Amino acid sequence: MDMRSTAKDGFIDAFEWNILKTRGMEYKIQFTGPTGSNAVEAAVKLARKATNRTNVISFTNGFHGCSLGALALTGNHQNRHASKSLLNQATRAAYDGYYGEEIDTSDLLEKILCDPSGGVDTPAAFILETVQGEGGLNTASAQWCKKIERIARDLGSLLIVDDIQAGCGRTGSFFSFETLDITPDIVVMAKSISGYGLPMSLVLIKPEFDIWNPGEHNGTFRGNNHAFVTSEQAINHFWTDPLFMNLLNENQLSFGLHLNHISDKYNYRVKGRGMMKGIDFLDERVAAEIRRENFKNGLITETCGPRDEIVKLLPPITVSITEVDQAMAIFEHSIARATA
Ligand SMILES: Cc1ncc(COP(=O)(O)O)c(C=O)c1O
């Protein structure tokens with residue numbers, strides 16, 4: 001008996017036809033509890049089941065959520081410290097560029113993993129964000145991601161991309177990894193996937209790894225009918241319209257140009273990719289002051305990075321150029337005040 005609601009059917013059809021098939025991708029869709037952390041927990045549990053291994057490699061400054069399994073993969077001290085639990089079954093490796101441009105951290109990782117006495121258990125999976133949202137807008141190069149993918153394949157480990165923050169068009173394409181020429185085995189999505197800010201998350205699984213037994217990873221609230229309706233509308237309305245891609249490209253360009261101008265003028269570094277960018281103010285007090293000043297003037301921004309020293313801007317990807325101009329004027333005004 002088919003128990004799917006009309007809303008669920010509508011979402012699955014829209015996602016399969018207008019997101020997956022148009023990109024030549026084949027994934028099974030699993031609905032988990034509504035948070036990003038729920039999706040991460042399911043993804044990692046499945047990778048462990050599929051490989052019969054325990055260890056998972058995650059990366060410095062990665063953020064994957066605050067439930068205990070996801071927290072073991074998250075780098076941030078403040079988040080980790082709060083748990084007072086043993087956060088184990090995970091090994092931290094250096095993200096792309098962690099030791100500076102000259103050092104290829106994927107080489108270091110491969111060396112230690114391929115050394116029988118390297119002391120790191122062969123992982124069930126590698127989990128990474130292509131742009132680290134909470135960790136400081138660090139970006140991974142295509143070359144580095146491809147190398148991690150190759151290491152995962154060589155070791156029989158799964159590659160999980162956490163697209164919870166960087167997905168849904170945020171970096172300029174629906175999936176953040178589309179321009180990086182990698183094919184993750186599992187993708188986790190949440191946040192903007194409902195198109196409307198409603199709680200919803202999902203796990204995309206390569207068919208060969210969909211080895212759950214019926215009801216094995218269950219729970220009462222799996223998928224959200226309201227979110228299915230809004231998500232279907234968002235996919236069909238925006239992601240089937242070629243003009244939407246033009247708008248997104250124009251927005252990325254205008255947003256990037258504004259930030260480059262600010263960076264040149266004030267000599268601070270721009271970080272991030274697409275519509276997920278910010279400026280590194282090197283000092284958490286300056287960043288906090290700018291965030292407060294932005295808010296006073298009607299612009300919501302966040303701080304991120306290991307010490308909250310980076311001001312992050314995540315404009316709606318459907319923003320207009322005029323709104324970008326207005327937001328950037330407020331931002332520049334806040335910077336001028338905080339750094340005067
Ligand atoms: C990349 C990434 N993964 C996972 C999560 C966890 O999602 P949630 O807060 O919905 O549990 C977040 C939340 O910010 C995130 O940015």
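All values below come from the heavy atoms of this structure, side chains included, with hydrogens, waters and symmetry mates left out. One-based numbering, in listed order, for ligands and for the atoms of each. The structure displayed is predicted, hence computed values, not measured ones. Residue numbers start at 1 and run along the sequence shown.
Applying the ring-ring contact (aromatic ring centres under 6.0 Å, His included) test to pairs two or more places apart or on separate chains, none has a residue in residues 108-136.
Shown here are the salt bridge (charged side-chain N to carboxylate O under 4.0 Å, His left out) partners of Glu41, two or more places apart in sequence or in another chain: there are none.
When ring centroids are compared, Trp144 and Phe59 come within the 6.0 Å threshold. Between Phe228 and Phe31, the gap from one ring centroid to the other is short of 6.0 Å.
The 4.0 Å heavy-atom shell around ligand 1 contains residues Thr35, Gly36, Ser37, Phe63, His64, Gly65, Glu129, Asp162, Ile164, Gln165, Lys191, ordered by chain and number.
Dense packing is recorded around CZ of Arg92, with more than 12 heavy atoms of other residues, nucleotides or ligands lying under 6.0 Å away.
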Table please: side-chain donor-acceptor pairs of residues 329-339 below 3.5 Å, with sequence neighbours left out.
from   : atom 1 : to     : atom 2 : distance (Å)
Glu332 : OE2    : Lys265 : NZ     : 2.7
Ser334 : OG     : Asn294 : N      : 3.4
Ser334 : OG     : Asn294 : OD1    : 2.6
Ser334 : OG     : Ile330 : O      : 3.0
Thr339 : OG1    : Ile335 : O      : 2.6

